[in-house]
Amino acid sequence: MQRGSDRLSRHRDDEMKHELQGLLRSGHPTRSEEWNDPEPTADDDPQVWGGPVAPGSDGASLETVRLELARLLGRSPFPATSVELGRVLRRKNAPDALAEAVEGLPRKESYANVQELARALTRTEGTR
């Protein structure tokens, strides 16, 4: 006789295993209740993960580059030159393409914040 603190009885465990068998075998939901299935992504949903952000690659807009730089750098290293920022990015294990792009900027140029750095990397209109 089992005496424990199980939340469910042995019979309920068996029922739940039986309910999940179809899902585990087929790889997709087998229920007829649509309310229980996850919603598919919409066309205007933001991209969750598209790989490392590197200036000049597909999907590397000013906003995505700025977001990635802000995530990695924060506010502490500013104002700084491209050499200093490159060192910080390497220390924080940034993607190589992003660190190399920052290190490739002019050495004497100083950047006051992430926005200025992102503009310099993406070379958008209105730089400087």
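Atoms CG and CG, on Leu69 and Leu89 in that order, are 6.5 Å from each other to the nearest 0.5 Å. Between Leu73 atom CG and Leu98 atom CG the span is 8.0 Å, to the nearest 0.5 Å. Taken to the nearest 0.5 Å, the CG atom of Leu85 stands 10.0 Å off from the CD atom of Glu103.
Shown here are the side-chain contact (heavy atoms from CB on, under 4.5 Å) partners of Arg87, two or more places apart in sequence or in another chain: Val83, Glu84, Arg91. In this view, Asp14 satisfies the side chain to side chain donor-acceptor pair (under 3.5 Å) rule with no residue, not counting sequence neighbours.
Counting heavy atoms from C-beta on, the side chains of Thr122 and Ser61 never come closer than 4.5 Å. Arg12 is listed as a side-chain neighbour of Met16, based on a closest heavy-atom distance under 4.5 Å. Looking at Leu117 and Leu105, their side chains come closer than 4.5 Å, going by heavy atoms from C-beta outward. In this structure, Arg90 and Asp96 have side chains that are in contact, with non-hydrogen atoms separated by less than 4.5 Å. With a 4.5 Å cut-off on side-chain heavy atoms, Thr81 and Arg107 do not count as touching.
Salt-bridge formation is detected for the pair Glu68/Arg71: a Lys NZ or Arg NE/NH1/NH2 atom is positioned less than 4.0 Å from an Asp or Glu carboxylate oxygen.
When all heavy atoms are compared, the tightest approach of Leu72 to Pro95 is CD1-CD, 4.2 Å. Minimum heavy-atom separation, Ala112 to Phe78: O-CB, 3.3 Å.
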